[in-house]
Enquirer: 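Attaching a single structure in C-alpha coordinates format; questions to follow.
Labels below follow one simple rule: chain letters A, B, ... track the order of the sequence lines, proteins then strands, and each chain is numbered from 1.
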2 protein chains.
Amino acid sequence: MRVSRILGSMDEDFLRLDNQICFSLHAATRAFNGVYRGALKELGLTYPQYLVMLVLWEHGELPVKGIGERLRLDSGTLSPLLKRLEAAGYVERRRSPEDERSVTVRLTGDGTALREKALGVPRRIAAATGLDLAELGELRERLHALAARLDGVDPDDVTAACG
Amino acid sequence: MRVSRILGSMDEDFLRLDNQICFSLHAATRAFNGVYRGALKELGLTYPQYLVMLVLWEHGELPVKGIGERLRLDSGTLSPLLKRLEAAGYVERRRSPEDERSVTVRLTGDGTALREKALGVPRRIAAATGLDLAELGELRERLHALAARLDGVDPDDVTAACG
DNA sequence: CACGATTAAGTTGTGCACAACTTAATCGTG
DNA sequence: CACGATTAAGTTGTGCACAACTTAATCGTG
(Lines give C-alpha, C1' and ligand atoms only; values in the text may rest on other atoms or scores of the structure.)
Protein backbone atom coordinates (compact mmCIF):
# COMPACT_ATOMS: atom_id res chain seq x y z
CA MET A 1 0.00 0.00 0.00
CA ARG A 2 2.72 2.45 0.92
CA VAL A 3 4.68 1.38 -2.17
CA SER A 4 1.90 1.75 -4.71
CA ARG A 5 0.84 5.19 -3.51
CA ILE A 6 -0.95 7.01 -6.29
CA LEU A 7 -1.94 10.64 -6.63
CA GLY A 8 -5.57 9.96 -5.77
CA SER A 9 -4.64 8.80 -2.28
CA MET A 10 -2.92 12.11 -1.45
CA ASP A 11 -6.12 13.59 -0.12
CA GLU A 12 -6.57 10.69 2.25
CA ASP A 13 -3.03 11.14 3.55
CA PHE A 14 -3.50 14.86 3.95
CA LEU A 15 -6.73 14.23 5.70
CA ARG A 16 -5.14 11.94 8.20
CA LEU A 17 -2.29 14.28 9.08
CA ASP A 18 -4.21 17.48 8.94
CA ASN A 19 -6.99 15.97 10.94
CA GLN A 20 -4.48 15.15 13.59
CA ILE A 21 -2.93 18.57 13.81
CA CYS A 22 -6.28 20.28 14.13
CA PHE A 23 -7.46 17.66 16.53
CA SER A 24 -4.23 18.00 18.52
CA LEU A 25 -4.75 21.73 18.70
CA HIS A 26 -8.35 21.27 19.78
CA ALA A 27 -7.33 18.70 22.38
CA ALA A 28 -4.40 20.79 23.65
CA THR A 29 -6.64 23.81 24.10
CA ARG A 30 -9.19 21.84 26.02
CA ALA A 31 -6.49 20.22 28.14
CA PHE A 32 -5.08 23.66 28.96
CA ASN A 33 -8.53 24.87 29.79
CA GLY A 34 -8.95 21.99 32.20
CA VAL A 35 -5.69 22.77 33.99
CA TYR A 36 -6.55 26.46 34.18
CA ARG A 37 -9.97 25.62 35.53
CA GLY A 38 -8.29 23.98 38.49
CA ALA A 39 -5.84 26.83 39.03
CA LEU A 40 -8.42 29.61 38.65
CA LYS A 41 -11.15 28.02 40.74
CA GLU A 42 -9.92 29.73 43.91
CA LEU A 43 -9.95 33.09 42.11
CA GLY A 44 -13.50 32.52 40.89
CA LEU A 45 -12.46 33.25 37.29
CA THR A 46 -12.91 31.33 34.06
CA TYR A 47 -10.01 31.24 31.63
CA PRO A 48 -11.39 33.93 29.30
CA GLN A 49 -12.18 36.12 32.31
CA TYR A 50 -8.59 35.61 33.45
CA LEU A 51 -7.36 36.79 30.05
CA VAL A 52 -9.43 39.95 30.37
CA MET A 53 -8.07 40.56 33.85
CA LEU A 54 -4.50 40.10 32.58
CA VAL A 55 -5.10 42.76 29.97
CA LEU A 56 -6.56 45.11 32.57
CA TRP A 57 -3.77 44.48 35.08
CA GLU A 58 -1.38 45.53 32.37
CA HIS A 59 -3.27 48.53 31.01
CA GLY A 60 -5.28 49.74 33.97
CA GLU A 61 -8.35 50.85 32.09
CA LEU A 62 -9.45 50.22 28.52
CA PRO A 63 -12.53 50.63 26.33
CA VAL A 64 -14.33 47.38 25.46
CA LYS A 65 -12.97 47.77 21.96
CA GLY A 66 -9.40 47.89 23.23
CA ILE A 67 -9.86 44.68 25.18
CA GLY A 68 -11.41 43.08 22.12
CA GLU A 69 -8.49 44.06 19.91
CA ARG A 70 -5.96 42.60 22.29
CA LEU A 71 -7.83 39.32 22.78
CA ARG A 72 -9.43 39.10 19.33
CA LEU A 73 -12.89 38.96 20.83
CA ASP A 74 -15.97 40.90 19.74
CA SER A 75 -18.58 42.66 21.82
CA GLY A 76 -20.91 39.67 21.51
CA THR A 77 -18.48 37.70 23.63
CA LEU A 78 -17.15 40.52 25.79
CA SER A 79 -20.33 42.30 26.81
CA PRO A 80 -21.80 39.44 28.84
CA LEU A 81 -18.36 38.42 30.13
CA LEU A 82 -17.67 41.96 31.36
CA LYS A 83 -21.07 42.11 33.01
CA ARG A 84 -20.18 38.98 34.94
CA LEU A 85 -16.84 40.49 36.00
CA GLU A 86 -18.73 43.60 37.07
CA ALA A 87 -21.24 41.51 39.03
CA ALA A 88 -18.28 39.79 40.72
CA GLY A 89 -17.03 43.23 41.76
CA TYR A 90 -13.74 43.14 39.83
CA VAL A 91 -14.44 45.84 37.23
CA GLU A 92 -16.57 48.92 36.63
CA ARG A 93 -18.04 49.89 33.27
CA ARG A 94 -18.69 53.50 32.46
CA ARG A 95 -19.74 55.27 29.30
CA SER A 96 -16.87 57.47 28.14
CA PRO A 97 -17.67 61.19 28.51
CA GLU A 98 -15.64 62.09 25.37
CA ASP A 99 -17.32 59.51 23.18
CA GLU A 100 -20.70 58.31 24.36
CA ARG A 101 -20.48 55.24 22.11
CA SER A 102 -17.52 53.91 24.03
CA VAL A 103 -17.59 52.10 27.38
CA THR A 104 -14.52 52.25 29.58
CA VAL A 105 -13.71 49.22 31.72
CA ARG A 106 -11.77 49.90 34.88
CA LEU A 107 -10.45 47.71 37.68
CA THR A 108 -12.06 48.10 41.12
CA GLY A 109 -10.04 47.79 44.31
CA ASP A 110 -11.00 44.11 44.50
CA GLY A 111 -10.00 43.62 40.89
CA THR A 112 -6.60 45.19 41.47
CA ALA A 113 -6.10 43.17 44.64
CA LEU A 114 -6.91 39.93 42.83
CA ARG A 115 -3.67 40.28 40.91
CA GLU A 116 -1.70 39.22 43.98
CA LYS A 117 -3.63 35.97 44.21
CA ALA A 118 -3.21 35.36 40.48
CA LEU A 119 0.54 35.89 40.50
CA GLY A 120 1.33 32.26 41.27
CA VAL A 121 -0.97 30.78 38.63
CA PRO A 122 1.26 30.86 35.53
CA ARG A 123 4.16 29.14 37.25
CA ARG A 124 1.90 26.27 38.23
CA ILE A 125 0.58 25.98 34.70
CA ALA A 126 4.06 26.08 33.22
CA ALA A 127 5.11 23.36 35.66
CA ALA A 128 2.13 21.23 34.61
CA THR A 129 3.23 21.38 30.96
CA GLY A 130 6.60 19.90 31.88
CA LEU A 131 8.29 22.19 29.36
CA ASP A 132 11.07 24.65 30.15
CA LEU A 133 10.94 28.33 29.30
CA ALA A 134 12.73 27.93 25.99
CA GLU A 135 10.39 25.19 24.79
CA LEU A 136 7.32 27.13 25.86
CA GLY A 137 8.66 30.19 24.09
CA GLU A 138 9.27 28.31 20.87
CA LEU A 139 5.86 26.69 20.86
CA ARG A 140 4.24 30.04 21.58
CA GLU A 141 6.11 31.56 18.65
CA ARG A 142 4.94 28.87 16.26
CA LEU A 143 1.34 29.12 17.38
CA HIS A 144 1.45 32.88 17.14
CA ALA A 145 2.76 32.74 13.57
CA LEU A 146 0.17 30.11 12.67
CA ALA A 147 -2.71 32.13 14.09
CA ALA A 148 -1.51 35.30 12.37
CA ARG A 149 -1.38 33.48 9.04
CA LEU A 150 -4.79 31.87 9.51
CA ASP A 151 -6.37 35.14 10.58
CA GLY A 152 -5.18 36.68 7.33
CA VAL A 153 -6.94 34.07 5.21
CA ASP A 154 -10.02 35.22 3.34
CA PRO A 155 -12.76 32.72 4.35
CA ASP A 156 -14.04 32.56 0.78
CA ASP A 157 -10.61 31.51 -0.48
CA VAL A 158 -10.77 28.35 1.60
CA THR A 159 -13.91 27.16 -0.12
CA ALA A 160 -12.18 27.47 -3.49
CA ALA A 161 -9.88 24.71 -4.68
CA CYS A 162 -6.14 25.18 -4.09
CA GLY A 163 -3.85 24.40 -7.00
CA MET B 1 15.52 46.42 35.08
CA ARG B 2 16.75 43.40 33.19
CA VAL B 3 20.06 43.62 35.02
CA SER B 4 18.70 43.92 38.52
CA ARG B 5 16.22 41.07 38.12
CA ILE B 6 15.40 39.62 41.49
CA LEU B 7 13.64 36.43 42.48
CA GLY B 8 10.39 38.18 43.27
CA SER B 9 9.95 39.33 39.69
CA MET B 10 10.12 35.75 38.35
CA ASP B 11 6.37 35.33 38.67
CA GLU B 12 5.78 38.41 36.56
CA ASP B 13 8.07 37.09 33.85
CA PHE B 14 6.46 33.68 33.94
CA LEU B 15 3.09 35.31 33.80
CA ARG B 16 4.00 37.23 30.72
CA LEU B 17 5.39 34.26 28.82
CA ASP B 18 2.90 31.71 30.00
CA ASN B 19 0.08 34.07 29.31
CA GLN B 20 1.31 34.31 25.79
CA ILE B 21 1.57 30.62 25.14
CA CYS B 22 -1.92 29.94 26.43
CA PHE B 23 -3.24 32.92 24.63
CA SER B 24 -1.44 31.83 21.46
CA LEU B 25 -3.01 28.40 21.77
CA HIS B 26 -6.41 29.93 22.37
CA ALA B 27 -5.98 32.28 19.42
CA ALA B 28 -4.64 29.55 17.12
CA THR B 29 -7.58 27.28 17.91
CA ARG B 30 -10.05 30.04 17.19
CA ALA B 31 -8.22 30.98 13.99
CA PHE B 32 -8.35 27.35 12.87
CA ASN B 33 -12.01 27.20 13.73
CA GLY B 34 -12.61 30.23 11.57
CA VAL B 35 -10.84 28.70 8.58
CA TYR B 36 -12.70 25.42 9.04
CA ARG B 37 -15.97 27.27 9.30
CA GLY B 38 -15.40 28.55 5.78
CA ALA B 39 -14.35 25.19 4.40
CA LEU B 40 -17.14 23.24 6.09
CA LYS B 41 -19.95 25.64 5.31
CA GLU B 42 -20.78 23.87 2.04
CA LEU B 43 -20.96 20.54 3.90
CA GLY B 44 -23.27 21.99 6.53
CA LEU B 45 -21.01 20.79 9.34
CA THR B 46 -19.43 22.52 12.32
CA TYR B 47 -15.85 21.65 13.18
CA PRO B 48 -16.75 19.30 16.08
CA GLN B 49 -19.37 17.62 13.86
CA TYR B 50 -16.66 17.17 11.22
CA LEU B 51 -14.43 15.48 13.80
CA VAL B 52 -17.22 13.04 14.65
CA MET B 53 -17.78 12.31 10.96
CA LEU B 54 -14.05 11.67 10.49
CA VAL B 55 -14.15 9.11 13.27
CA LEU B 56 -17.20 7.45 11.76
CA TRP B 57 -15.77 7.44 8.24
CA GLU B 58 -12.81 5.59 9.67
CA HIS B 59 -14.66 3.16 11.94
CA GLY B 60 -18.04 2.73 10.25
CA GLU B 61 -20.13 2.43 13.39
CA LEU B 62 -19.31 3.09 17.01
CA PRO B 63 -21.08 3.44 20.36
CA VAL B 64 -21.32 6.98 21.72
CA LYS B 65 -18.73 6.01 24.28
CA GLY B 66 -16.29 4.94 21.55
CA ILE B 67 -16.63 8.30 19.80
CA GLY B 68 -16.16 10.07 23.11
CA GLU B 69 -12.97 8.16 23.87
CA ARG B 70 -11.45 9.01 20.51
CA LEU B 71 -12.34 12.70 20.68
CA ARG B 72 -12.10 13.14 24.47
CA LEU B 73 -15.70 14.34 24.64
CA ASP B 74 -18.37 13.28 27.12
CA SER B 75 -22.02 12.47 26.53
CA GLY B 76 -23.05 15.94 27.63
CA THR B 77 -21.34 17.30 24.53
CA LEU B 78 -21.96 14.37 22.19
CA SER B 79 -25.63 13.62 22.81
CA PRO B 80 -26.97 16.90 21.43
CA LEU B 81 -24.32 17.01 18.70
CA LEU B 82 -25.27 13.50 17.52
CA LYS B 83 -28.94 14.41 17.57
CA ARG B 84 -28.15 17.29 15.24
CA LEU B 85 -26.20 14.98 12.93
CA GLU B 86 -29.15 12.59 13.02
CA ALA B 87 -31.58 15.43 12.22
CA ALA B 88 -29.31 16.37 9.28
CA GLY B 89 -29.66 12.78 8.03
CA TYR B 90 -25.98 11.83 8.31
CA VAL B 91 -26.17 9.27 11.13
CA GLU B 92 -28.59 6.88 12.81
CA ARG B 93 -28.63 6.15 16.54
CA ARG B 94 -29.84 2.81 17.81
CA ARG B 95 -29.82 1.20 21.23
CA SER B 96 -27.48 -1.78 21.13
CA PRO B 97 -29.36 -5.11 21.40
CA GLU B 98 -26.52 -6.73 23.38
CA ASP B 99 -26.26 -3.92 25.92
CA GLU B 100 -29.33 -1.76 26.26
CA ARG B 101 -27.28 0.98 27.97
CA SER B 102 -25.23 1.55 24.85
CA VAL B 103 -26.27 3.52 21.77
CA THR B 104 -24.68 2.63 18.44
CA VAL B 105 -24.07 5.47 15.99
CA ARG B 106 -24.01 4.47 12.32
CA LEU B 107 -23.51 6.40 9.07
CA THR B 108 -26.50 6.71 6.75
CA GLY B 109 -26.09 6.63 2.96
CA ASP B 110 -25.98 10.44 2.96
CA GLY B 111 -23.41 10.39 5.74
CA THR B 112 -21.19 7.98 3.82
CA ALA B 113 -21.60 9.97 0.62
CA LEU B 114 -20.58 13.19 2.39
CA ARG B 115 -17.06 11.82 2.70
CA GLU B 116 -16.44 12.50 -1.00
CA LYS B 117 -17.28 16.16 -0.58
CA ALA B 118 -15.11 16.36 2.55
CA LEU B 119 -12.07 14.82 0.90
CA GLY B 120 -10.71 18.12 -0.40
CA VAL B 121 -11.10 20.01 2.88
CA PRO B 122 -7.84 19.11 4.68
CA ARG B 123 -5.66 20.04 1.75
CA ARG B 124 -7.22 23.49 1.68
CA ILE B 125 -6.70 23.89 5.40
CA ALA B 126 -3.10 22.73 5.19
CA ALA B 127 -2.54 25.20 2.37
CA ALA B 128 -4.02 28.00 4.49
CA THR B 129 -1.51 27.30 7.27
CA GLY B 130 1.36 27.85 4.87
CA LEU B 131 3.30 25.01 6.52
CA ASP B 132 4.62 21.93 4.75
CA LEU B 133 3.85 18.39 5.81
CA ALA B 134 6.96 18.05 7.95
CA GLU B 135 6.26 21.25 9.87
CA LEU B 136 2.62 20.33 10.39
CA GLY B 137 3.68 16.89 11.59
CA GLU B 138 6.16 18.29 14.08
CA LEU B 139 3.71 20.82 15.50
CA ARG B 140 1.07 18.11 15.77
CA GLU B 141 3.52 15.93 17.68
CA ARG B 142 4.33 18.69 20.13
CA LEU B 143 0.72 19.53 20.75
CA HIS B 144 -0.16 15.87 21.17
CA ALA B 145 2.58 15.40 23.77
CA LEU B 146 1.51 18.58 25.54
CA ALA B 147 -2.14 17.56 25.68
CA ALA B 148 -1.25 14.08 26.91
CA ARG B 149 0.82 15.55 29.71
CA LEU B 150 -1.83 18.09 30.69
CA ASP B 151 -4.57 15.46 30.64
CA GLY B 152 -2.54 13.44 33.12
CA VAL B 153 -2.37 16.29 35.64
CA ASP B 154 -4.50 15.96 38.74
CA PRO B 155 -6.58 19.18 38.89
CA ASP B 156 -6.05 19.45 42.64
CA ASP B 157 -2.28 19.39 42.17
CA VAL B 158 -2.45 22.59 40.17
CA THR B 159 -4.03 24.51 43.02
CA ALA B 160 -1.16 23.49 45.30
CA ALA B 161 2.10 25.37 45.18
CA CYS B 162 4.86 23.93 43.01
CA GLY B 163 8.34 23.76 44.56
C1' DC C 1 -24.70 72.17 8.59
C1' DA C 2 -27.12 68.07 7.14
C1' DC C 3 -27.37 63.50 6.21
C1' DG C 4 -25.64 59.03 4.82
C1' DA C 5 -21.73 56.14 6.43
C1' DT C 6 -19.25 54.41 10.00
C1' DT C 7 -18.30 53.05 14.66
C1' DA C 8 -19.01 51.06 19.57
C1' DA C 9 -21.79 48.33 22.46
C1' DG C 10 -25.22 45.48 23.15
C1' DT C 11 -28.86 41.71 22.01
C1' DT C 12 -30.52 37.37 20.14
C1' DG C 13 -29.90 32.88 18.75
C1' DT C 14 -27.04 28.63 17.77
C1' DG C 15 -23.62 25.40 18.97
C1' DC C 16 -19.82 23.60 21.78
C1' DA C 17 -17.59 22.24 26.46
C1' DC C 18 -18.23 20.73 30.80
C1' DA C 19 -19.96 20.09 35.70
C1' DA C 20 -23.48 17.94 38.22
C1' DC C 21 -27.10 15.28 38.05
C1' DT C 22 -30.77 11.46 36.58
C1' DT C 23 -32.24 7.14 34.58
C1' DA C 24 -31.85 2.62 33.24
C1' DA C 25 -29.12 -1.42 32.45
C1' DT C 26 -25.43 -4.42 33.70
C1' DC C 27 -21.81 -6.15 36.71
C1' DG C 28 -19.87 -8.51 40.56
C1' DT C 29 -19.40 -10.18 45.18
C1' DG C 30 -21.33 -12.11 49.30
C1' DC D 1 -29.55 -14.97 43.20
C1' DA D 2 -29.83 -10.42 45.27
C1' DC D 3 -28.40 -6.00 45.84
C1' DG D 4 -25.06 -2.27 46.01
C1' DA D 5 -21.66 -0.51 42.64
C1' DT D 6 -20.64 0.67 38.23
C1' DT D 7 -21.51 1.99 33.55
C1' DA D 8 -23.72 4.41 29.32
C1' DA D 9 -26.63 7.99 27.77
C1' DG D 10 -29.05 11.69 28.47
C1' DT D 11 -30.60 16.26 30.84
C1' DT D 12 -29.98 20.75 32.94
C1' DG D 13 -27.58 24.80 33.62
C1' DT D 14 -23.53 27.98 32.95
C1' DG D 15 -20.23 30.20 30.12
C1' DC D 16 -17.73 31.06 25.82
C1' DA D 17 -17.52 32.05 20.56
C1' DC D 18 -19.56 33.95 16.86
C1' DA D 19 -23.01 35.40 13.20
C1' DA D 20 -26.50 38.62 12.36
C1' DC D 21 -28.75 42.17 13.95
C1' DT D 22 -30.18 46.77 16.64
C1' DT D 23 -29.34 51.17 18.82
C1' DA D 24 -27.15 55.29 19.54
C1' DA D 25 -23.33 58.32 18.80
C1' DT D 26 -19.89 60.28 15.85
C1' DC D 27 -17.65 61.17 11.45
C1' DG D 28 -17.04 63.17 7.01
C1' DT D 29 -18.25 65.02 2.59
C1' DG D 30 -21.20 67.68 -0.36
Enquirer: Does a side-chain N-to-carboxylate-O contact under 4.0 Å join B:E42 and B:R37?
Expert: no

Enquirer: What does A:L78 touch in the nucleic acid at a heavy-atom separation under 4.0 angstrom: a base, only the sugar-phosphate, or nothing?
Expert: nothing

Enquirer: Whether B:S102 contacts C:dA25 is assessed here as follows: a side-chain N or O lying under 4.0 Å from the phosphate OP1 or OP2. Is that the case?
Expert: no

Enquirer: Closest approach to the side chain of B:V103, judged atom by atom: which nucleotide of D:dC18, D:dG10, C:dA9 is it?
Expert: D:dG10

Enquirer: Could you tell me the separation between the CG atom of A:L62 and the C1' atom of C:dA9, rounded to a whole number of Å?
Expert: 15 Å

Enquirer: Look at all strands and tell whether B:P80 reaches a base, only sugar-phosphate, or nothing, counting heavy atoms closer than 4.0 Å.
Expert: nothing

Enquirer: B:K83 side chain N/O closer than 4.0 Å to the phosphate oxygens (OP1, OP2) of D:dT11?
Expert: yes

Enquirer: What is the distance, to the nearest angstrom, from the CG atom on A:L85 to the P atom on C:dG10?
Expert: 13 Å

Enquirer: Going by heavy atoms in the side chains, are A:L43 and A:V121 under 4.5 Å from each other?
Expert: yes

Enquirer: How long is the span from the OG1 atom in B:T129 to the CG atom in A:L150, to the nearest 0.5 Å?
Expert: 6.5 Å

Enquirer: Rounded to the nearest 0.5 Å, how far apart are OG of A:S102 and CZ of A:R94?
Expert: 11.5 Å

Enquirer: Please tell me which of A:L82 and B:G76 maps to the more 5' nucleotide of DNA chain C, matching each residue to the nucleotide holding its nearest heavy atom.
Expert: A:L82

Enquirer: Can you tell me the distance, in whole Å, between the NZ atom of B:K41 and the C1' atom of D:dA20?
Expert: 13 Å

Enquirer: Would you mind reading off the distance between B:E100 atom CD and D:dG10 atom C1', rounded to a whole angstrom?
Expert: 15 Å

Enquirer: Hey, where does DNA chain C pair up into stems, meaning at least three consecutive Watson-Crick or G-U pairs with distances under 3.5 Å?
Expert: C:1-30 with D:1-30

Enquirer: What integer distance in Å separates A:Y47:OH from C:dC18:P?
Expert: 14 Å

Enquirer: Tell me if the centroids of the rings in B:H26 and A:Y47 come within less than 6.0 Å of each other.
Expert: yes

Enquirer: How many Å lie between CD on A:E98 and C1' on C:dA8, as a whole number?
Expert: 14 Å

Enquirer: If you take any heavy atom closer than 4.0 Å to DNA chain C, which residues from residues 88-96 of chain B end up in contact?
Expert: none

Enquirer: Here's a test of your reading of the structure: between A:R101 and A:S75, which maps to the more 5' nucleotide of DNA chain D?
Expert: A:S75

Enquirer: Please tell me which of the listed nucleotides, D:dA19, D:dA17, D:dG10, lies nearest to the side chain of B:R30?
Expert: D:dA17

Enquirer: So, OP1 or OP2 of C:dG10: does either fall under 4.0 Å of a side-chain N or O from A:S79?
Expert: yes

Enquirer: Considering only side-chain heavy atoms of A:Q49, which listed nucleotide, D:dG15, C:dA9, D:dT11, is closest?
Expert: D:dG15

Enquirer: Going by distance alone, is a donor N or O of one side chain under 3.5 Å from an acceptor N or O of the other, for B:T29 and A:T29?
Expert: yes

Enquirer: Any salt bridge linking A:R95 with A:E100? Criterion: basic side-chain nitrogen under 4.0 Å from a carboxylate oxygen.
Expert: no

Enquirer: Does the distance from a Lys or Arg side-chain N to an Asp or Glu carboxylate O, for A:D151 and B:R30, drop under 4.0 Å?
Expert: no

Enquirer: Give one of base, sugar-phosphate or nothing for B:D99, where a contact means two heavy atoms less than 4.0 Å apart.
Expert: sugar-phosphate

Enquirer: Atom CG of B:L40 to atom P of C:dG15: distance rounded to whole Å?
Expert: 15 Å

Enquirer: Salt-bridge test for A:E135 and B:R142: reply yes if a basic N is under 4.0 Å from a carboxylate O, no otherwise.
Expert: no

Enquirer: Taking only residues two or more places apart in sequence or in another chain, which ones pass salt bridge (Lys or Arg N to Asp or Glu O under 4.0 Å) with A:D110?
Expert: none

Enquirer: Nearest-Å distance, NZ (B:K65) to C1' (D:dG10)?
Expert: 15 Å

Enquirer: Between the base of D:dG15 and the side chain of A:T46, is there a donor-acceptor distance below 3.5 Å?
Expert: no

Enquirer: Relative to the 5' end of DNA chain C, which residue comes earlier, A:G66 or A:N33, by the nucleotide with the nearest heavy atom?
Expert: A:G66

